[in-house]
Amino acid sequence: MPELPEVEVVRRGLERWVAGRTVAEVEVLHPRAVRRHPAGGVDFAARLTGHRLGTAMRRGKYLWIPLADTDSSVLGHLGMSGQLLVQPSDAPDEKHLRIRVRFTDSDSGSAAGAAGTELRFVDQRTFGGLSLHDNTPDGLPDVIAHIARDPLDPAFDDAAFQAALRLRRTTVKRALLDQSLISGVGNIYADEALWRSKLHYERPTATLTRPRSAELLGHVRDVMNAALAAGGTSFDSLYVNVNGESGYFDRSLDAYGREDEPCRRCGTPMRRRPWMNRSSYFCPRCQRPPRASA
DNA sequence: CAGAAGTCCTGGTCGC
DNA sequence: TGCGACCAGGACTTCT
């Protein structure tokens with residue numbers, strides 16, 4: 001369940017280990033991993049081969065790598081269980097290996113650095129995948145043009161977000177998960193930020209005052225930055241790792257997954273409620289439901 | 001048109 | 001022990 005901080009760690013890994021390398025061969029081992037590439041796996045492989053990769057970029061939980069000398073990019077999303085790994089070319093295939101990218105220097109043996117490695121997309125549940133798209137004039141893959149900037153983006157407009165939030169006719173957690181309003185916030189960090197803000201997940205966005213929405217946004221940022229700080233150091237290795245071992249589950253969570261455990265603020269047992277085929281975790285005392293709640 | 005609900009997918013876990 | 005039900009959940013598609 002990689003969230004934005006984990007995806008950023010992956011982006012840094014890609015920047016370090018695959019930027020500047022030229023694709024020699026692509027193997028698509030599962031069609032679902034390229035389902036967002038309409039022309040299919042064979043086309044995906046053919047269009048990638050021979051191109052040099054640029055510097056990986058990120059918006060929300062999307063990653064993309066521009067192809068040098070083209071106006072297109074490889075777009076990636078890790079979904080729930082996806083990993084992008086830089087592995088020695090002779091390492092055994094992972095059980096759920098979906099896509100392999102070999103580079104022109106992949107077989108360079110024992111040379112120092114990235115040479116001798118290949119890029120692998122591994123994904124158990126295949127919610128994630130890779131695809132190739134034309135860029136917009138902004139250099140963004142066209143299919144993610146509707147994705148809002150994320151709160152760690154220096155160009156994120158706090159005032160505009162707060163104004164848009166209050167105009168929505170929905171509840172606050174739905175809004176936090178709406179990728180056209182703010183990107184990169186998943187179920188876990190939404191619950192964490194709401195707990196820190198002492199807001200119930202069904203609070204109507206229209207009832208949030210400006211200070212309350214500012215506080216909420218601040219907590220979203222804090223949660224992400226804390227996770228980034230914790231996970232960012234675990235990556236000083238050959239592996240572009242995104243899964244639990246990279247410290248993701250080591251970070252302390254105050255709300256998510258803590259049903260029946262005492263609230264870290266007031267000691268009241270935390271609760272879990274079914275919500276949109278998921279769960280919402282909250283403190284029934286610190287996060288009071290809205291009065292007119294259905 | 002905005003907002004809400006349905007859908008995809010697999011492996012781990014739990015109850016009977 | 002075996003089997004089926006259930007759960008995880010991001011983002012797209014379909015609905016109201």
Side-chain angles (χ1 to χ4, degrees), chain A residues 1-8 10-11 28-38 58-64 75-84 94-99 121-131 133 140-151 163-194 201-208 220 223-224 227 242-245 248-249 253 255-260 271-282 290 293-294:
Chain A
M1 293 165 278
E3 300 240 3
L4 185 149
E6 289 77 27
V7 178
E8 173 60 18
V10 172
R11 189 203 66 76
V28 176
L29 301 161
H30 195 304
R32 194 172 149 78
V34 290
R35 70 190 181 288
R36 295 194 69 186
H37 187 81
R58 181 189 58 74
R59 174 173 289 195
K61 298 181 188 177
Y62 281 99
L63 288 163
W64 68 95
L75 179 66
H77 197 293
L78 300 175
M80 290 179 60
S81 53
Q83 295 172 276
L84 280 167
E94 291 75 9
K95 182 177 181 184
H96 301 293
L97 177 63
R98 308 305 190 191
I99 300 171
F121 179 71
V122 177
D123 191 6
Q124 175 204 113
R125 277 178 257 189
T126 65
F127 270 51
L130 302 181
S131 50
H133 304 277
L140 197 71
D142 53 15
V143 294
I144 63 163
H146 66 289
I147 301 292
R149 291 184 188 274
D150 62 70
L165 188 67
R166 296 180 59 187
L167 286 172
R168 288 294 169 103
R169 289 298 175 267
T170 187
T171 48
V172 64
K173 186 169 173 180
R174 284 181 186 278
L176 286 178
L177 298 181
D178 183 340
Q179 303 293 297
S180 68
L181 190 60
I182 182 172
S183 68
V185 184
N187 195 48
I188 296 173
Y189 289 177
D191 280 2
E192 293 299 305
L194 289 169
Y201 57 97
E202 287 186 320
R203 175 73 171 264
T205 49
T207 68
L208 293 176
V220 170
V223 170
M224 287 182 174
V242 74
N243 71 357
E245 295 91 46
Y248 174 71
F249 285 110
L253 296 174
Y256 186 85
R258 301 198 67 244
E259 182 179 21
D260 295 333
R271 289 191 183 153
R272 179 176 69 89
R273 288 284 178 274
W275 185 84
M276 283 181 70
N277 290 324
R278 284 160 184 71
S279 294
S280 277
Y281 296 87
F282 67 106
S293 171

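Predicted model, so just to flag it, every value in this text is computed and none were measured. Values below: every heavy atom of this structure, side chains too, minus hydrogens, waters and symmetry copies.
- For the pair A:Trp64/A:Arg59, a side-chain contact is recorded, criterion being any heavy-atom separation below 4.5 Å from C-beta on.
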Going 5' to 3' through nucleotides 6-15 of chain B and flagging B where a protein heavy-atom sits under 4.0 Å of the base, S where only the sugar-phosphate is that close, and - otherwise, we get -BBBBS----
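- Taking atom CG of A:Leu181 as the reference point, atom P of B:dA2 lies 12 Å away to the nearest angstrom.
- Taking both residues in full, the closest heavy atoms of A:Met276 and A:Arg278 are given as O-NH1, 2.8 Å, listed atom of the first, atom of the second, then distance.
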For nucleotides 12-16 of chain C, which of its nitrogen or oxygen atoms have a protein nitrogen or oxygen under 3.5 Å away, and what is each distance?
{"residue": "C:dC12", "atom": "OP1", "partner": "A:Arg36", "partner atom": "NH2", "Å": "3.3"}
{"residue": "C:dC12", "atom": "OP1", "partner": "A:Tyr62", "partner atom": "OH", "Å": "2.6"}
{"residue": "C:dC12", "atom": "OP2", "partner": "A:His146", "partner atom": "NE2", "Å": "3.4"}

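- Put simply, CG on A:Leu165 is 11 Å from P on B:dG3, counting in whole angstrom units.
- In this structure, the CG atom of A:Leu78 is 12 Å from the P atom of C:dG10, given to the nearest Å.
- Considering all non-hydrogen atoms of both residues, A:Pro151 and A:Ser183 come closest at CD-O, 3.4 Å.
- Looking at heavy atoms from C-beta onward, A:Arg58 lies out of side-chain contact with A:Val10 at the 4.5 angstrom threshold.
- In this structure, A:Glu3 pairs ionically with A:Lys61, as a charged nitrogen and a carboxylate oxygen lie closer than 4.0 Å.
- As a whole-Å value, the separation of A:Tyr189 OH from C:dA8 P is 18 Å.
- Taking atom CG of A:Asp178 as the reference point, atom P of C:dA11 lies 11 Å away to the nearest angstrom.
- Not one side-chain nitrogen or oxygen of A:Thr170 sits closer than 4.0 Å to the OP1 or OP2 atom of B:dA2.
- For the pair A:Arg272 CZ and C:dC7 C1', the interatomic distance rounds to 9 Å; values are reported in whole Å.
- One interatomic measurement links the two molecules: CD of A:Gln179 to P of C:dA11, which rounds to 4 Å at whole-angstrom precision.
- For the pairing with A:Thr126, the side-chain hydrogen bond (donor to acceptor under 3.5 Å, both in side chains) check across A:Arg35, A:His30, A:Arg32, A:His96 returns one residue only, A:Arg32.
- Within the model, atoms OH of A:Tyr201 and CG of A:Leu176 stand 14.0 Å from one another, a figure rounded to the nearest 0.5 Å.
- Remark: P of C:dG10 and CD of A:Glu6 are 12 Å apart, rounded to the nearest angstrom.
- By the 4.5 Å heavy-atom criterion applied to side chains, A:Lys173 and A:Asp191 are counted as neighbours.
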